[in-house]
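Numbers restart at 1 for each chain; the letters A, B, ... are given by sequence-line order, proteins then strands.
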Number of protein chains: 2
Amino acid sequence: MDLQDAATGERRPETLGEEIFGRILELIYSTELAPGMVVNESVLATRFGVSRGPVREAIRRLQGIQLVSREPFLRARVVSLSAQAILELFQMREALEGYACRLAAQQMSEAEIDALIADLEAAHSGHQPEGARFDFHERVVRASGNSRIIDSLCGDLYHLLRIYRRISGAVPERKELAFTEHWQILRAIRMRDGALAESLMRSHVERAGRHVLAQVPETSSTDAADAEKRAS
Amino acid sequence: MDLQDAATGERRPETLGEEIFGRILELIYSTELAPGMVVNESVLATRFGVSRGPVREAIRRLQGIQLVSREPFLRARVVSLSAQAILELFQMREALEGYACRLAAQQMSEAEIDALIADLEAAHSGHQPEGARFDFHERVVRASGNSRIIDSLCGDLYHLLRIYRRISGAVPERKELAFTEHWQILRAIRMRDGALAESLMRSHVERAGRHVLAQVPETSSTDAADAEKRAS
DNA sequence: GGTTGAAAATGTGTCAACAGTTTTGAGGGG
DNA sequence: CCCCTCAAAACTGTTGACACATTTTCAACC
């Protein structure tokens, strides 16, 4: 039943609230808690064998990063993004990730750029170790050096994107196109052309957004009902 | 006092946690809880006449929007931004507010633009009603129509900026320069030149950031000691 | 038979007490 | 005089119980 212990992998006991936060996150990723479903404090508390306090804190944190929506006395629900919300999410990513790309073009060292190029080509050739998957976007964002932008993109927004990334997921021809675009961005970074790198990254993110939007037509209203039905 | 309370003026206390959140926010704004000071759950609980539960929730929310820093069993502290952190904060604002400005140039109606121009000039002439202060940046951001960017800029980041805005605050010649820049941005929006509007907004925010940075040389390390001393 | 109303059931908000951890400070040794 | 040790104090993390709000159920009534 408690098969998530391996996921944390940490020997050091943090607080229960933190652990429960991660556990609920796993439930959301695994769609056991699908968008639109209610998040019941008592049920989760008994399931995890803890009191309602830590569960409550975890839900508040999930609310903080906009993964669950909640109103004062109403039940909390996993967010179900409308098409408009997804569009806005990708717009924000465009703004932030584009700017991060510009910063990366200014601040990365030659060695870092070479290493990133090598990793990109290795991943494309299929030589990537399956354990640590290569994530081009995360690498670029972290290279920006702006920890606030890094936290925002790799933290809050990343969780939201991950829910809907599974939908687009493995589409072969899209993958090939993404590689080409990644390579163009890297070339701009190597040329230290921040404006071009930012522009290319924006176009790349916008294309990805349109791709996700095309595969998620109208799930916002139906999700709640479907989820509710499956729960019974 | 600014975002929600002033909107309706009379807001029934929804939950205690929400109210305590606002109360603590006021304490931080009034520098009674200055950057670097510890935020004690029990003390605040007895002060507000409630249990530790709501206070705890409020502090978690403050942690969520990065206004207090906290580690598992250590005491929570009001964040004390280093020069580097302030720089990163303004960079993120550059990215987001610039993009919002571009969106505004695409989406605002002619009437909205005219209204904003009128309000800007009225505020500059001193005809602004003191109750509802004119905030150019907030108006432009809200005109972008992207609720996620709006929430981020007018919510989380706004609270952080507000702590350090009081420092720069009322500098006459800066105010005149800001008006000129605001007016140039609006002209670009009216010409529907999104790229120019974004570029101008970025420069404007970057200038503001340098201005704040110049007035906050090295307070990050001293704040904690000063605050600690005043508390005794 | 459908609708309205109250009461039970479900679930969230709040509280006071207990457990575990970090910090403080006094006492003893080097 | 400084440093180390160790226990008490202070604080955070967690729990179970109680109070209040919302939703649902179900029976009386039109």
Side-chain touch A/Arg142/A/Glu138, heavy atoms, less than 4.5 angstrom = yes
What is the distance from CZ of A/Phe48 to P of D/dT14, rounded to the nearest Å?
-> 14 Å
Backbone of B/Glu88 reached by a side-chain donor or acceptor of A/Asn146 within 3.5 Å = yes
Using the C1' atoms of the five pairs at each end, what is the angle between the end axes of the helix from C/dG1-D/dC30 to C/dG30-D/dC1, to 10°?
-> 10°
Would you say the side chain of A/Ser144 lies within less than 4.5 Å of the side chain of A/Gln107, judging by non-hydrogen atoms?
-> no
Side chains of B/His182 and B/His137: does their closest heavy-atom pair fall under 4.5 Å?
-> yes
Below 3.5 Å between N/O atoms, which protein atoms pair up with nucleotides 11-17 of chain C? Just atom names and distances, please.
from	atom 1	to	atom 2	distance (Å)
C/dG11	OP1	A/Asn40	ND2	3.0
C/dG11	O5'	A/Asn40	ND2	3.4
C/dT12	O3'	A/Pro72	O	3.3
C/dG13	OP1	A/Arg70	NH1	2.9
C/dG13	OP1	A/Pro72	O	2.3
C/dG13	OP2	A/Arg56	NH1	2.8
C/dG13	OP2	A/Arg56	NH2	2.9
C/dG13	OP2	A/Arg60	NH2	2.7
C/dG13	O5'	A/Arg56	NH2	3.3
C/dG13	N7	A/Arg52	NH2	2.9
C/dG13	O6	A/Arg52	NH1	3.1
C/dT14	OP1	B/Leu16	N	2.2
C/dC15	OP2	B/Ser51	N	2.9

With a distance cut-off below 6.0 Å to the six-membered ring centre and an angular limit of 45° from the axis, does B/Arg139 pair with B/Phe134 as a cation-pi contact?
-> no
Inspect the contact between A/Arg60 and B/Glu18 and indicate whether a charged nitrogen and a carboxylate oxygen are less than 4.0 angstrom apart.
-> no
Can any side-chain N or O of A/Ser30 pair as donor or acceptor with the backbone N or O of A/Glu26 at less than 3.5 Å?
-> yes
Does the side chain of B/Tyr99 come under 3.5 Å of the side chain of A/Glu94 through a donor N or O and an acceptor N or O?
-> yes
